[in-house]
Each structure stands twice: as structure tokens, then as C-alpha cells.
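What follows is a set of notes on a single structure, which appears directly below.
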Amino acid sequence: MTMISCSENEETLQSVHTAVIAPGVYPVKWTHGEARAKVNRGDVVAVFSTASETEQSYPYTIQTTITRASRSTDDNDVVNLPYSLVPDFYNLSASSSQPSHSRDLAEYATRETRNTEGGGVETFWTFDMSDLSTFPDISSVQFRAVLKAVGTYCDVYVDENSSLITHEDAKEIAAQFDKVAYPVVTKNFGSPPIINSSSRVAILLPLAFNGGMEDELNPNGTSTGLFNDRDQLPPSTDNPYSNYRNVLYLNPGLYNSKTPFFSDKWRPILSHEFEHMVNFRYHVAKESVPVEEGKALLSEILSGYGLPNGDYLMWENIVAYQNNPSPISLVQMEYVNENIYGSYGMGLLWMSYLYDRFGPQAIHDMATHSLLGLEATAAVTGIPKQHLFTEWVQANIVSNTTSNKIFSYKTIDIAGNGGGNYFDTLKGFGALPQHSIPYTETQRQVHSFGVEYFTAIEPGIVIIKGNNIQALIICKKD
């Protein structure tokens with residue numbers, strides 16, 4: 001059987017079919033469903049698949065001829081928060097029993113938002129977050145809200161039972177939306193829907209959305225913010241709880257939070273949830289979870305927040321994906337799996353890579369394209385999705401070692417701390433003890449348009465058996 005190994009003198013790009021292969025990266029050759037390759041200490045083996053356009057799972061086995069030394073498997077990299085944050089509800093299907101950094105904006109808030117003292121009171125539907133034990137089947141309730149600020153593009157409604165959120169607070173929220181969220185999202189991702197003859201956005205702050213609390217996030221579980229696509233459709237027997245307008249839900253406890261993890265987190269959340277709303281106009285909730293959430297997370301970074309500014313939640317998403325990429329796929333359509341935060345992390349890395357490689361106009365063209373996800377990416381870039389994915393698989397390992405934009409991130413320091421700006425250092429892929437190539441034949445699985453990374457702890461032979469999968473040996477660079 002043919003063996004391949006790393007060459008220290010490799011200087012030129014190779015290509016397999018039309019995917020570009022970076023220097024020091026070697027595709028593994030397969031014979032009758034088996035591949036063998038030499039590896040040196042520190043080399044990374046990437047196992048991935050592009051065999052199906054839907055979320056198919058492909059089993060395989062992997063082992064090395066070298067006996068692995070006994071090592072600790074403690075991978076507790078994620079800080080425990082005093083809150084349980086539920087995933088974004090953007091694609092939550094509603095049944096008949098539920099509805100479905102800093103910038104100085106003070107001058108703008110005073111100048112461009114109308115004083116609405118004694119503003120009108122309206123009744124809205126919202127999710128009742130007082131009991132999340134039934135998630136994802138969250139019940140709905142009505143609440144009355146006071147119009148406390150009117151911006152250029154938005155109206156801010158605060159629960160009439162709120163005792164903390166003032167008219168000045170509401171003006172601050174309107175200013176953030178008008179001067180940051182709206183221009184960033186519309187420039188990069190498209191225009192908002194026109195619902196019930198209006199494109200204006202109602203920003204709601206219901207106490208029930210935080211289990212009745214408003215001074216802090218509900219410690220029993222909550223959501224920071226939400227776009228509910230059911231509000232885009234008129235009320236009906238099948239959609240009884242629609243507000244039938246462009247609505248963003250903002251957690252009042254998040255706005256008032258004094259917890260360092262969530263300081264000013266409401267600002268990027270406005271961009272995040274508004275991107276979901278804009279995406280619905282073009283793709284009607286048919287995007288895959290990583291692609292859709294990746295765009296929303298990218299909107300936070302483009303708004304001046306997120307990972308490069310010490311955001312814990314975004315850091316946690318990437319750590320969750322780097323620690324356990326196996327169950328996640330770029331074509332994953334459901335929000336529920338064993339690593340939902342990792343789905344966000346994969347999406348953020350994918351969309352950041354595309355942004356860095358192809359630029360903002362390409363992102364806008366993908367976001368507003370009539371095709372979805374990977375199909376839109378292929379149409380805009382002219383690169384088959386299978387080949388683009390193969391190049392991204394390499395970028396996740398070699399980004400910090402090359403200036404070639406095909407294999408480089410700029411937005412994210414894939415295995416670093418962003419010059420000291422991150423919440424904590426990202427260790428990268430294949431960096432934990434459990435990511436070592438196993439010394440006995442071990443059953444694994446990878447999804448189509450998903451990837452796993454393994455690191456060699458000693459020189460030896462890696463043996464992989466399976467069908468509909470590919471593998472790359474990515475040689476360690478000192």
C-alpha cells in the first residue's frame with residue numbers, strides 16, 4: 001500500500017481535483033475503503049466528508065501503530081455561568097399551543113428619537129420563560145407594553161410592569177439599533193422584510209421573556225434575545241400568537257445586567273437578532289443552523305463587538321466546536337444535538353473565513369441570493385462547495401502559519417488570544433488529550449460537510465477505514 005509522509009521542503013501548492021492543497025498538507029490515498037499514512041509527532045489528521053448534500057453520517061475507524069501514553073482527559077475549558085442560556089429560538093416551530101465598543105450614542109439618542117413620555121400602550125404576545133423544563137415547547141402569554149422611544153427605524157416598547165427601564169433607557173436602545181445594528185446588517189446582509197405594509201422594527205422588552213425578572217438574567221434559564229418568524233405571518237388558526245409585524249425581543253434582565261459576562265451584551269444581540277429577521281426575508285427559515293447562526297454572529301463582530309472584544313459567549317461557541325466537532329455539519333437543519341453551542345461555533349468560523357477570503361460584498365451577495373447556504377456560496381464564489389470546504393478544513397489548522405488568504409483567518413485568531421483581547425486563549429483544533437489518534441481501532445463518525453481533527457503524539461502509521469470520507473495529513477510546522 002502506498003505511504004505518504006510530510007516533506008519539510010514542500011513549497012508549492014498542490015491541488016486534488018480543483019481543491020487547493022496547502023504546502024505541508026497531503027491527501028491520504030484510499031484503497032478498498034482503507035487508508036494508511038505516516039505521521040510525525042504533532043501532525044494533524046483531518047477526517048471529513050462532502051459525500052452528501054444532506055446531513056448524512058458516515059462511520060469510520062481510526063488508529064495509530066503507536067501506543068498512546070496515559071494522559072489526563074480533563075477538557076473543562078468552559079467557565080460555568082450562573083445562568084442557563086437556551087439556544088437562539090429563530091427556527092423554533094410553533095405549535096397551536098405556543099408562538100412560535102463602545103460608541104457614544106448619547107447625542108444621537110437625544111437628537112433623533114422622539115420623546116414619548118406618556119406613550120401609547122399596546123398588547124403583544126411573547127414567550128413565557130418562567131419554566132424552561134418543557135423546552136423547546138415554550139408556552140406564550142400576552143403582555144401590555146408602553147411605547148417609550150421612537151427611532152428612525154424602530155419603536156421600543158417596554159413592559160408596563162417594568163420599574164427599571166426608563167424612557168432614557170429606551171432611547172439608548174433605539175439609538176443602538178438605528179446607528180449600529182441597522183446600518184451594519186443592511187450593508188452586509190440585506191434589507192428587512194415589509195410586514196403589514198411596514199419595514200419598521202418593534203423592539204419589545206417583556207418581563208415574561210425573563211421569567212418575570214428585570215434586574216438580572218433569570219438564573220433558572222432564559223434567552224438573551226429572539227426573532228420569532230411566526231410574527232412575519234398574520235394570525236390564523238395555525239398561527240394564533242403572531243404579532244404580525246417586524247418584532248425583536250430583548251431580554252430586560254440582559255439590558256439591566258451587572259454581571260461582567262453580559263456587560264452591554266444587549267448591544268450586539270440587537271444586531272444578531274436583526275440579522276435573523278433580514279435573513280428570513282430572503283430565505284424563509286430554510287438555512288442550515290451553522291450558516292444562519294454564523295451570519296448572525298458575524299453581524300455582532302461587524303458591529304464592533306463579539307470575540308475580538310472579550311465576549312465570553314462567542315468564545316464559548318468556538319471552544320465548544322473545537323473541543324467536539326464530530327456531531328456538527330454545515331448542512332445541519334435542526335437546533336437540537338449534543339453540541340448545539342458548537343453549531344454556533346462552526347457557523348461563526350465558516351462565515352468569518354468566507355468574509356476574510358472573499359470580502360463583504362461576497363457575503364452580501366450570498367445572504368441575498370435566491371439559493372441557500374453552500375449553494376449560494378458556490379454560486380457567488382464560483383468554487384464548488386466540496387472544494388471550498390476542503391480548503392476551509394485546512395485553514396482551521398494552518399491559518400496562523402501562512403499568509404495565503406485561501407488558508408487564513410483575519411477576523412479570528414484560530415489558535416490564540418487575539419492579541420490579548422479574547423476572553424481566554426483558543427487552543428485550536430486537535431489540541432486536547434482526547435484528540436490524540438487512538439492506539440486501538442476506534443469507531444467514529446463524521447457528517448457530510450463535517451470534520452474531525454486528530455493529533456499524532458508519536459511518529460507512526462495512522463490507519464483509517466471507512467467509505468464516503470476523506471482525510472488529510474497536515475504536517476506540524478515549528
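- Residues Trp266 and Tyr255 place their aromatic rings such that the two centres sit under 6.0 Å apart.
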- Derivation of the side-chain hydrogen bond (donor to acceptor under 3.5 Å, both in side chains) call for Glu214 and Ser162: CA-CA 7 Å; Glu214 66 170 330; Ser162 169; 2.7 Å; yes
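- The backbone N or O of Asp231 sits nowhere less than 3.5 Å from a side-chain atom of Asn243 that would complete a donor-acceptor pair.
- Under the 30°/60° scheme for interplanar angles, the aromatic rings of Tyr312 and Phe261 are found to be tilted.
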- Task: For Ser236 and Asp238, run side-chain hydrogen bond (donor to acceptor under 3.5 Å, both in side chains): C-alpha distance rounded to whole Å, both residues' side-chain angles, the deciding distance at 0.1 Å, then the answer.
- Result: CA-CA 5 Å; Ser236 66; Asp238 295 329; 5.3 Å; no
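- One N or O on the side chain of Glu287 and one on the backbone of Gly373 form a donor-acceptor pair closer than 3.5 Å.
- In this structure, Tyr241 and Trp125 have perpendicular ring planes: the angle between them is above 60°, well past the 30° mark.
- Judged purely by atom type and a 3.5 angstrom limit, Glu273 uses its side chain to pair as donor or acceptor with the backbone of Phe227.
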- Task: Just do the side chain to side chain contact (heavy atoms under 4.5 Å, CB included) check on Leu426 and Val319 with the steps written out, would you?
- Result: CA-CA 7 Å; Leu426 295 172; Val319 169; 3.8 Å; yes
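- The aromatic rings of His276 and His272 stand perpendicular to each other, their planes meeting at an angle above 60°, with 30° marking the opposite boundary.
- The backbone N or O of Glu122 lies less than 3.5 Å from no partner atom in the side chain of Arg144, so there is not a single donor-acceptor pair.
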- Task: Could you walk me through whether Lys405 and Asp356 pass salt bridge (charged side-chain N to carboxylate O under 4.0 Å, His left out), step by step?
- Result: CA-CA 8 Å; Lys405 70 177 184 178; Asp356 295 340; over 6 Å; no
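- Under the 30°/60° scheme for interplanar angles, the aromatic rings of Tyr60 and Phe454 are found to stand perpendicular.
- Between Tyr182 and Tyr153, the angle of the ring planes stays under 30°, which puts this pair in the parallel group of the 30/60° scheme.
- Taking the six-membered ring where tryptophan is involved, the planes of Phe429 and Tyr453 are tilted, since the angle between them lies from 30° to 60°.
- Checked by atom type and distance alone, the side chain of Ser326 pairs as donor or acceptor with a backbone atom of Gln445 at under 3.5 Å.
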- Query: Should Val184 and Phe274 be marked as a side chain to side chain contact (heavy atoms under 4.5 Å, CB included) after you check the CA-CA gap, both sets of side-chain angles, and the distance that decides it?
  - Reply: CA-CA 10 Å; Val184 167; Phe274 183 48; over 6 Å; no
- Task: Might you work through the side-chain hydrogen bond (donor to acceptor under 3.5 Å, both in side chains) test for Glu293 and Tyr335, ending with a clear yes or no?
- Result: CA-CA 10 Å; Glu293 293 300 342; Tyr335 273 77; 2.6 Å; yes
